[in-house]
J.: 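Quick one: structure below, then a few questions.
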Amino acid sequence: MPPNEKYALSALDAYMNRMYKIIVILIPSFCLCASSSIIIFYALGIFPSLNFPLLLAFGASDLVYLAIGIFFAKTGFTTDGVVKASKLKQAKITMAVIITIQWNAISYIFPFRDFWAFAAFFVIIFVLFFDKKLVFWQTLAILASVVVSWFLNGDLLLPVRDEYFIANMLYRVINFVLLLGTINLITYLGGKCLVEELEKYANYDTLTRLLNRKSMNAYLDEAYSQACKNKADFCILMIDIDDFKKVNDTYGHDCGDEVLKYVATTVSCGVKKQDNVFRWGGEEILTLLRANKAQAMSAAERIRLSGNLRKVSVF
């Protein structure tokens, strides 16, 4: 199957159109909740040693982050309601920087020996983008920040230096790396499965498993462009089931569906891997062959004989 960019709107694009606003608002809101919680704990006397002016500056910065998220939510779409590619890229980078700053701010303002265990939350939220490169670089940024914090503020952030210190450090590092590795694996597999599943619904007919009419237009445009630029041959093969209504009326729609699936399978098995088969209409199937007319005629005859079809037309 050709790459997703050959479609007018990929399945991942459709997903981002629905999730973009939620993600760019959710991440700054996550930061604001974190700072607000720490300020409330300070007010309740749970963490009296914290620097209050620094806490207020921390909370104010999170309000700025929320304003940035609202800006991206308001300006991220075209007039057609599609997420702008440039805005999406800018939003991803900005949100990654915000989360990295937030992690470091909390690490130094709110020192706690086992706070490193929460670092995964500052990466896992980016799984929503289903961008493996983004999650990978965010993982490295958070991992580097944690290691640096151990050197700069080791007295408060590292385990107690007793006879179990080395064992505790090994336990931390191994679990931390495994957790971040799992998040990256979820991003890769989840994004791959999501896109594949959405592509089935966006570009394939659910009954015959053939490409649908929406995707057909994109493939035909691409074949025409290649023919104009590179003099590449292509042919269109049409299969129409005669008297199909009579089949449905006589034997029922379930039987008609089985006939459609049989013809679709026959046609799909009779073409090469680089060719594409589409369900054009109710009982009409169109095949795009990357071949000259003689080769297309041969393929049409092969399909006709294997499926006991009466006639196949080639254009």
Side-chain angles (χ1 to χ4, degrees), residues 15-16 18-44 46-77 83-84 87-150 152-153 156-157 176 179-180 182-184 186-187 190:
Y15 165 79
M16 286 310 307
R18 290 180 175 270
M19 293 296 296
Y20 174 79
K21 282 186 178 181
I22 297 174
I23 297 173
V24 297
I25 296 296
L26 179 64
I27 292 176
S29 298
F30 169 78
C31 295
L32 187 59
C33 287
S35 61
S36 298
S37 299
I38 295 174
I39 292 173
I40 292 171
F41 288 153
Y42 175 84
L44 294 174
I46 298 176
F47 303 118
S49 62
L50 299 182
N51 186 310
F52 185 66
L54 197 57
L55 282 180
L56 289 180
F58 181 42
S61 67
D62 286 341
L63 288 173
V64 174
Y65 298 158
L66 184 59
I68 292 172
I70 294 172
F71 167 77
F72 277 114
K74 294 289 187 182
T75 62
F77 294 88
V83 176
K84 299 175 184 176
K87 277 294 183 189
L88 178 59
K89 183 177 180 180
Q90 292 170 13
K92 287 180 178 180
I93 294 173
T94 303
M95 293 299 125
V97 171
I98 285 174
I99 283 291
T100 304
I101 294 173
Q102 183 79 0
W103 162 257
N104 282 278
I106 293 178
S107 295
Y108 295 105
I109 293 173
F110 180 64
F112 181 60
R113 291 191 186 277
D114 293 319
F115 190 75
W116 60 272
F118 293 94
F121 289 103
F122 293 78
V123 178
I124 198 169
I125 196 167
F126 288 97
V127 172
L128 294 173
F129 281 113
F130 288 106
D131 186 332
K132 58 182 180 293
K133 288 184 179 179
L134 175 69
V135 172
F136 172 75
W137 287 111
Q138 184 64 18
T139 297
L140 290 184
I142 294 297
L143 185 58
S145 297
V146 170
V147 174
V148 169
S149 71
W150 288 347
L152 296 183
N153 211 9
L156 293 173
L157 296 175
F176 192 36
L179 188 58
L180 293 179
T182 301
I183 292 172
N184 280 264
I186 291 171
T187 304

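Heavy-atom basis, side chains included; hydrogens, waters and symmetry copies ignored.
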J.: Give, for atom OG of Ser149 and atom CD1 of Ile142, the distance between the pair rounded to the nearest 0.5 Å.
T.: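 Going from OG on Ser149 over to CD1 on Ile142, the span is 10.0 Å.
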J.: Please report the shortest heavy-atom distance between Met19 and Leu128, naming the atom on each side.
T.: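 Met19 and Leu128 have their closest heavy atoms at CE-CD2, 4.4 Å.
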J.: Can you establish whether the number of heavy atoms outside Tyr108 located under 6.0 Å from its atom OH is more than 12?
T.: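 Buried by this count: over 12 neighbours within 6.0 Å.
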J.: How long is the span from the CG atom in Leu26 to the CG atom in Leu66, to the nearest 0.5 Å?
T.: 11.0 Å
J.: From Phe72 CZ over to Ile27 CD1, what is the distance, rounded to the nearest 0.5 angstrom?
T.: 11.0 Å
J.: So, taking the atom named CD1 in Ile98 and the one named CD1 in Ile93, what distance separates them when rounded to the nearest 0.5 Å?
T.: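 These two atoms lie 12.0 Å from each other.
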J.: Using a cut-off of 6.0 Å, state whether more than 12 heavy atoms not belonging to Trp150 lie near its atom CH2.
T.: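 Yes, because the 6.0 Å sphere around CH2 of Trp150 holds more than 12 heavy atoms from other groups.
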J.: Side chain to side chain contact (heavy atoms under 4.5 Å, CB included) between Leu50 and Phe41: does it pass, once the steps are laid out?
T.: CA-CA 10 Å; Leu50 299 182; Phe41 288 153; over 6 Å; no
J.: Is it the case that atom NZ in Lys84 sees more than 12 heavy atoms from other parts of the structure closer than 6.0 Å?
T.: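 Yes, NZ of Lys84 has more than 12 neighbouring heavy atoms, counting only those of other groups under 6.0 Å.
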J.: Where is the tightest heavy-atom contact between Gln138 and Ala96, given as atom of each residue plus distance?
T.: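 Smallest interatomic distance, heavy atoms only, reads OE1-CB, 3.2 Å.
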J.: Quick one: pull up CG in Leu54 and CD1 in Ile109 and give me the separation to the nearest 0.5 Å.
T.: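 Rounded to the nearest 0.5 Å, the CG-CD1 separation comes to 4.0 Å.
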J.: Which heavy-atom pair separates Gln102 from Asp62 by the least distance, and what is that distance?
T.: OE1-OD1, 2.8 Å
J.: Evaluate the criterion side chain to side chain contact (heavy atoms under 4.5 Å, CB included) for residue pair Ile38 and Phe58; output intermediate values, then yes/no.
T.: CA-CA 10 Å; Ile38 295 174; Phe58 181 42; 4.2 Å; yes
J.: Rounded to the nearest 0.5 Å, what's the gap from CZ on Phe136 to OG1 on Thr187? Could you check?
T.: 12.0 Å
J.: How are the rings of Tyr42 and Phe52 set relative to one another: parallel (under 30°), tilted (30 to 60°) or perpendicular (over 60°)?
T.: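 Rings of Tyr42 and Phe52: parallel, under 30°.
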J.: Which pair of heavy atoms, one from Cys31 and one from Ile99, lies closest together, and at what distance?
T.: SG-CD1, 3.9 Å
J.: Passes side chain to side chain contact (heavy atoms under 4.5 Å, CB included), Met16 versus Phe129? Steps please.
T.: CA-CA 8 Å; Met16 286 310 307; Phe129 281 113; 3.8 Å; yes
J.: Search all heavy atoms of Val135 against all heavy atoms of Phe126 and return the closest pair with its distance.
T.: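 Answer, listing the atom of Val135 first, then Phe126: CG2-O, 3.7 Å.
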J.: Do Thr139 and Ile183 come close enough that some side-chain heavy atom pair is under 4.5 Å?
T.: no
J.: Would one find more than 12 heavy atoms of other residues, nucleotides or ligands at under 6.0 Å from atom NZ of Lys87?
T.: yes
J.: Nearest heavy-atom pair of Ile25 and Pro28: which atoms, and what distance?
T.: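 So the two residues come closest at O-CD, 3.3 Å.
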J.: Mind running side chain to side chain contact (heavy atoms under 4.5 Å, CB included) on Val146 and Trp103 for me, showing each step along the way?
T.: CA-CA 9 Å; Val146 170; Trp103 162 257; 3.3 Å; yes
